[in-house]
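As structure tokens, the structure follows; a few thoughts come after it.
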Amino acid sequence: MSGEDAPAQQQNDVDQKQEKPAEEPKAETPKADPAPAAAAEAAAAPPAAADKAPEEETFTYRALVLTGYGGYDKVKLQVKKGKPALKAGEVLVRVKACGLNFADLMARQGLYDRLPSPPVSPGMECSGVVEAVGEEVTDRKVGDKVMVLNRFGLWQEVAVAPASHTFLIPEGMSFEEAAALPVNYITAYMMLFDFGNLRPNQSVLIHAAAGGVGIAATQLCKTVKDVTVFGTASASKHETISEGGVTHAIDYRTKDYVEEVRKISPKGMDIILDPLGGSDTHKAYNLLKPMGKLITYGAANMLAGQKKNLLAVAKNWYHQFSIHTLSLIQGNKSVCGFHLGYLDGETELITQTMNTILDLYKQGKIKPRIDSTWHLEQVGDAMRKMQERNNIGKVILTTEPMPEEEKKEEPKKEDKKEDKKKEDKKKEDKKKDDGKKEEKKDDKKKEEPKKEEKKEEEKKEDAKKEEK
């Protein structure tokens, strides 16, 4: 039973219990006075009220829970019982959509320290409708459509958060767009404008330009006159990011992005947004112009595969960027670090930024790009898509229950995936076999001249013997 069904079912049970006592007196005493009937109804009222009390206990809702660190299967869909209690200043939100972020992928592997230890519900942003308000809440009411920003706990059908962590959804914005907005756009805005002090005629390098933060940053760059945007992404995404505002798209998989940037802008960049970490942070610093700013906000290079890759983590730490203050002074450069998860106590600052972002949305200057929407049951596939860098824009989870037809299709999809893996393995094995055959042919070809040489030597030997 979904969280939405539970209260409705309870209310139906209560209604049925209230109706039965009213029917019995009519059957037994059809011509009776109204007074006994009223007394019967009054007598029936306390049990109905008593039945309402357990509603808090029988309230159920679905939640995604990180049960341990590891692969995609460690995030499981569970049913929780009991209506969450509200403290003063909090609101209960019926969640409609949730945002998936790179930090959630790192948290699954135990690489994100702002998420408590498992079991815990992840999720830093969602959108939905206010269902209840706690004491001292004056600026939110039941029925308000809101987006929510929180440290964790939002990947579920109902969520509790401080009212100060919620923002009213503007007219015309969908729940999916609202769930895509807070983390990506606050991150991009504060890096570009608070740290970067972005101004007209400057240049910006955006890594992962097709991701959620990348697209948000590109759109925000377009709000400033004549900003040149360099964006790294795989070749298949270049058309989309170029249409979105990237001036120079670079395929980091086949080209050295440092060389490509230098070809176009020999002096380097004014601002570089670095979510990669490790050796890429060193490259970024060296790419800065005098008075340039490097803003580092992640360590995506640590993430290699479903589970924690100790080699990737060690490599990232080994190449960790560090610099002496004297070098900063002499280079006339600045290095900044940004982590939205550690700003959860800066309510006023976040609210000011969010209000500015929402104004830009209302003016039509920014708009979240939704890559795909997945049911809670499909969270593993959603995470896989993002981790394998196959998304262009935001990956969204919807709390709407998965239709039965789609549930039946899921095992078939899994079978197809297994079949594809087997096919791929066969192809790989065939390639290896073909390679070995080619090697043997090459060896044979190499042997042929040797055989010819041997024959020639034998002929010469025979000729010498005949002469003797």
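- Annotation: the span from Tyr112 atom OH to Phe152 atom CZ amounts to 11.0 Å, rounded to 0.5 Å.
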Test log, rule salt bridge (charged side-chain N to carboxylate O under 4.0 Å, His left out), inputs Asp270 and Arg199:
CA-CA 10 Å; Asp270 292 300; Arg199 299 189 302 280; over 6 Å; no

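- Screening Val130, Val146, Asn150 for a side-chain contact (heavy atoms from CB on, under 4.5 Å) involving Thr166 leaves a single residue, Val146.
- Minimum interatomic distance between Glu177 and Ser174 (heavy atoms only, all atoms of both residues): N-OG, 3.1 Å.
- Side-chain contact check for Asp274 versus Leu294: some heavy-atom pair is nearer than 4.5 Å.
- Side chain of Asn286 to main chain of Lys283: no donor-acceptor pair is present (N/O by atom type, distance under 3.5 Å, no hydrogens or angles).
- Side-chain contact check for Asp280 and Tyr257: at least one donor-acceptor pair (N or O, by modelled atom type) lies under 3.5 Å.
- The aromatic rings of Phe59 and Tyr61 sit tilted, their planes meeting at an angle between 30° and 60°.
- The closest side-chain donor-acceptor pair between Lys394 and Asn101 falls under 3.5 angstrom.
- Residues Leu192 and Cys221 are in side-chain contact: their nearest non-hydrogen atoms beyond the backbone lie under 4.5 Å apart.
- If you take CD1 on Ile241 and CD1 on Ile206, they are separated by 9.0 Å, rounding to the nearest 0.5 Å.
- Here the closest heavy-atom approach between residue Ala382 and residue Val395 is recorded as CB-CG1, 3.9 Å.
- No side-chain donor-acceptor contact under 3.5 Å links Tyr189 and Asn184.
- Using a 4.0 Å cut-off between charged side-chain N and carboxylate O, Lys263 and Glu260 make a salt bridge.
- Shortest non-hydrogen contact noted between Pro170 and Met147 is CD-CE, 4.1 Å.
- By the 4.5 Å heavy-atom criterion applied to side chains, Phe102 and Pro275 are not counted as neighbours.
- Between the Glu243 side chain and the Thr240 main chain, no donor and acceptor come within less than 3.5 Å of each other.
- Checked for salt-bridge contact, Asp359 and Lys365 miss the test: no charged N lies under 4.0 Å from a carboxylate O.
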Dump the intermediate steps for side-chain contact (heavy atoms from CB on, under 4.5 Å) on Gln378 and Met402, then the final yes or no.
CA-CA 9 Å; Gln378 300 169 306; Met402 192 181 214; 3.3 Å; yes

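- Checked against a 6.0 Å centroid threshold, the rings of Tyr285 and His282 do not count as neighbours.
- Within the 4.5 Å cutoff, side-chain heavy atoms of Arg62 are placed close to those of Leu376.
- Within 6.0 Å of CD in Gln363 there are more than 12 heavy atoms belonging to other residues, nucleotides or ligands.
- In this structure, Met383 and Asp104 have side chains that are not in contact, with every pair of non-hydrogen atoms separated by 4.5 Å or more.
- A 4.5 Å side-chain heavy-atom check between Leu168 and Lys145 finds every atom pair outside the cut-off.
- Inter-residue side-chain proximity for Tyr297 and Leu340 is flagged as unmet; no heavy-atom pair is nearer than 4.5 Å.
- To the nearest 0.5 Å, atom CE of residue Met269 and atom CD1 of residue Ile264 are 8.0 Å apart.
- The local environment of CD in Glu239 is sparse, with at most 12 non-hydrogen atoms from other residues, nucleotides or ligands closer than 6.0 Å.
- In the model, Gln156 has a side-chain atom that pairs as donor or acceptor with a side-chain atom of Ser121 under 3.5 Å.
- Exactly one of Arg384, Lys385, Glu377 qualifies for a side-chain contact (heavy atoms from CB on, under 4.5 Å) with Asp381. That residue is Arg384.
- When atom types are taken as modelled, the side chain of Asp371 and the backbone of Ile392 share a donor-acceptor pair closer than 3.5 angstrom.
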Report, one line per pair, each donor and acceptor closer than 3.5 Å where one atom sits in a side chain of residues 343-351; sequence neighbours left out.
residue: Asp344; atom: OD1; partner: Arg114; partner atom: NH2; Å: 3.3
residue: Asp344; atom: OD2; partner: Arg114; partner atom: NH2; Å: 3.3
residue: Thr351; atom: OG1; partner: Thr347; partner atom: O; Å: 2.7

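- Side chain of Glu90 to main chain of Lys87: a donor-acceptor pair is present (N/O by atom type, distance under 3.5 Å, no hydrogens or angles).
- Listed for the His324 side chain is a donor-acceptor partner under 3.5 Å among the backbone atoms of Leu326.
- Judged purely by atom type and a 3.5 angstrom limit, Arg253 has no side-chain atom pairing as donor or acceptor with the backbone of Ala233.
- When side chains are defined from C-beta on, Val91 does not count as touching Val160, because their heavy atoms never get closer than 4.5 Å.
- Between His248 and Phe230, the ring-plane angle classifies as tilted under the 30° and 60° cut-offs.
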Evaluate side-chain contact (heavy atoms from CB on, under 4.5 Å) for Val183 paired with Leu149, printing each intermediate quantity in order.
CA-CA 7 Å; Val183 171; Leu149 179 68; 3.7 Å; yes

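- Although no hydrogens or angles enter the test, the distance criterion places a donor-acceptor pair under 3.5 Å between the side chain of Asp256 and the main chain of Val258.
- The minimum heavy-atom distance between Leu154 and Cys98, with the atom names listed, is O-SG, 3.4 Å.
- For the residue pair Val204 and Leu198, the shortest heavy atom distance occurs at CG2-CD1, 3.8 Å.
- When the options Thr296, Ile295, Leu220 are evaluated for a side-chain contact (heavy atoms from CB on, under 4.5 Å) with Met191, the one that passes is Ile295.
- Within the model, atoms CZ of Phe167 and CD of Glu125 stand 11.0 Å from one another, a figure rounded to the nearest 0.5 Å.
- Minimum heavy-atom separation, Pro368 to Leu181: CG-CD1, 3.6 Å.
- At least one donor-acceptor pair closer than 3.5 Å links the side chain of Thr356 to the backbone N or O of Gln352.
- A donor-acceptor contact shorter than 3.5 Å links the side chain of Thr67 to the backbone of Lys74.
- Note: Met173 CE to Lys362 NZ = 9.0 Å, rounded to the nearest 0.5 Å.
- No side-chain donor-acceptor contact under 3.5 Å links Glu131 to the backbone of Leu92.
- Within a 6.0 Å sphere centred on NZ of Lys76, heavy atoms belonging to other residues, nucleotides or ligands number more than 12.
- One side chain, Gln387 or Arg108, offers a donor N or O that lies under 3.5 Å from an acceptor on the other.
- Within the structure, side chain to side chain donor-acceptor pair (under 3.5 Å) pairs that include any residue of residues 211-238 comprise Tyr185-Gln219, His207-Thr232 (at least two apart or interchain).
- Note that CD of Glu136 and CG of Leu86 are 12.5 Å apart. Values are rounded to the nearest 0.5 Å.
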Dump the intermediate steps for side-chain contact (heavy atoms from CB on, under 4.5 Å) on Leu397 and Trp155, then the final yes or no.
CA-CA 8 Å; Leu397 299 171; Trp155 282 4; 3.8 Å; yes

Before you tell me yes or no, could you show the steps for Met190 and Phe195 under side-chain contact (heavy atoms from CB on, under 4.5 Å), namely the whole-Å CA-CA distance, both residues' side-chain angles and the distance that decides it to 0.1 Å?
CA-CA 6 Å; Met190 295 184 86; Phe195 274 145; over 6 Å; no

